[in-house]
Amino acid sequence: MAPTVDLEARFLAYVAAENKVEPKHWMPDAYRKTLVRQISQHAHSEVVGMLPEANWITRAPSLRAKLILLAKVQDEGGHGLYLYSAAETLGTSRDQMIDDLLAGKAKYSSIFNYPTLTWADMGAVGWLVDGAAIQNQVMLCRTSYGPYSRAMVRICKEESFHQRQGYEIMMHLARGTQEQKAMAQDALNRWWWPSLMMFGPSDDQSPNSAQSMAWRIKRKSNDDLRQEFIDKTVPQAEFIGLSIPDPDLKWNEERGHYDFGAIDWSEFFAVVAGNGPCNTERLEARRKAHAEGAWVREAASAYAAKQSARRPAAGLPAKPHAA
Ligand code: 3HC
């Protein structure tokens, strides 16, 4: 058997040449572990992310708005399913990942621990939160693990619709009455900084980045993605007449980027540690939904077992007649 050192060197060369790693390929244990960590955190973020928006489905201001929001929340559930499936190809089970989430052991994105207080928050979440998510996820379409990268292609298409629906809400409010414009500005004020935190700690404080970049799991650094997001979003805010709540924000001609103020990392770390405004509420809602959905999972499993006994895999006899 080839020594692990050779296998690791060959693996690095393989991913450096932009090849995709597939579930049955040899991979370093740490690569597998990192992927399970990142993909499961990502899946949990999609599913927990349904909660702050679902809060507004019954209160959407029109039938059109309600339909769009319903579709968006449903999409997020679908994203969670693609991602749990991608993580399962690495040898972990969905039950295990969900148990870790419900036990409070697994992380999910900090952003979903903030409350959605007004209808304008549906605009700000779509525009900023989904906008930040796409900024990060477009690079993940080129991630080295095949099942993850393929899931991301579809997810990004749907996220871009989500970003547009959010911006459309903000545009309508910003061009509405004074109260509506104030509501949009208030939502932007509350969601701006937490959206910047979504990209993760600054590069010098990011323990996983260097290795994940070497393995081509991550393709751009946390700080580079954050900067790209700011550069793209500031003109969008200007276009609809809203102000970014950062007195230090200024175009830097020399760098060709916006300079921006200091991020309050103590807030970020407190939220990630479980002490954000809604951490407890979010986990309780997930635990309740999981417990109340137990009968659905049982019924679906019983139905699937019945179907597979009736319709055997091609070329194999059905179970009752098996030799
Ligand atoms: N919220 C919570 N935890 C975060 C975080 C955030 N915004 N940003 C970083 N962290 C955690 C990391 O998970 C890591 O914790 P761990 O080592 O205990 O697992 C720690 O902080 C250090 O951060 P690193 O930068 O070293 O971690 P990564 O290299 O994993 O980078 C990441 C963090 C950029 C978020 C990366 O994991 C990633 O790209 N993940 C996939 C995308 C994702 O999960 N997006 C969630 C956004 S929301 C969403 O998609 C829903 C959509 O519908 C809006």
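In this chain, numbering begins with 1 at the start of the sequence shown. Note that the structure is predicted; figures quoted are calculated from it, not measured. Ligands are counted one by one from 1 in listed order, and the atoms in each one are counted from 1 as well.
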### Message
Quick check: His79 and ligand 1, any N/O pair under 3.5 Å apart?
### Response
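N/O-N/O distance below 3.5 Å does not exist for this pair.
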### Ion pair Asp130/Lys72, N-O distance below 4.0 Å
yes
### Message
For atom 32 (C) of ligand 1, is there a protein heavy atom at a distance under 4.0 Å?
### Response
no
Applying a 4.0 Å heavy-atom criterion (strictly less than), which segment of [X] is in contact with ligand 1: side chain, backbone, both, or neither?
| X | result |
| --- | --- |
| His42 | both |
| Leu225 | neither |
| His162 | neither |
| Ala132 | neither |

### Query
With a 3.5 Å cut-off and no angle check, do the side chains of Asp231 and His257 form a donor-acceptor pair?
yes
### Message
With no hydrogens and no angle check, just 3.5 Å: does a side-chain donor-acceptor pair link Tyr114 and Arg190?
### Response
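No, Arg190 and Tyr114 have no side-chain donor paired with an acceptor closer than 3.5 Å.
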Which option out of [options] puts a heavy atom nearest to [atom]?
| atom | options | result |
| --- | --- | --- |
| atom 34 (C) of ligand 1 | Asn136, Val272, Ile155, Val48 | Asn136 |
| atom 14 (C) of ligand 1 | Asn222, Asp223, Asn208 | Asn208 |
| atom 50 (O) of ligand 1 | Met197, Met139, Gln137, Glu159 | Gln137 |

[atom] [closest protein heavy-atom partner, distance rounded to 0.1 Å]:
| atom | answer |
| --- | --- |
| atom 19 (O) of ligand 1 | Gln41 NE2, 2.8 Å |
| atom 8 (N) of ligand 1 | Gly200 CA, 3.2 Å |
| atom 48 (S) of ligand 1 | Phe112 CE1, 3.6 Å |
| atom 22 (C) of ligand 1 | Pro207 CD, 3.7 Å |
| atom 5 (C) of ligand 1 | Phe268 CZ, 3.6 Å |

### Task
Assess Phe269 for proximity to ligand 1: is some non-hydrogen atom of it under 4.0 Å away?
no
### From Asn136, Ile134, Leu128, Val234, residue fulfilling side chain to side chain contact (heavy atoms under 4.5 Å, CB included) relative to Phe229
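Filter result, single survivor: Leu128.
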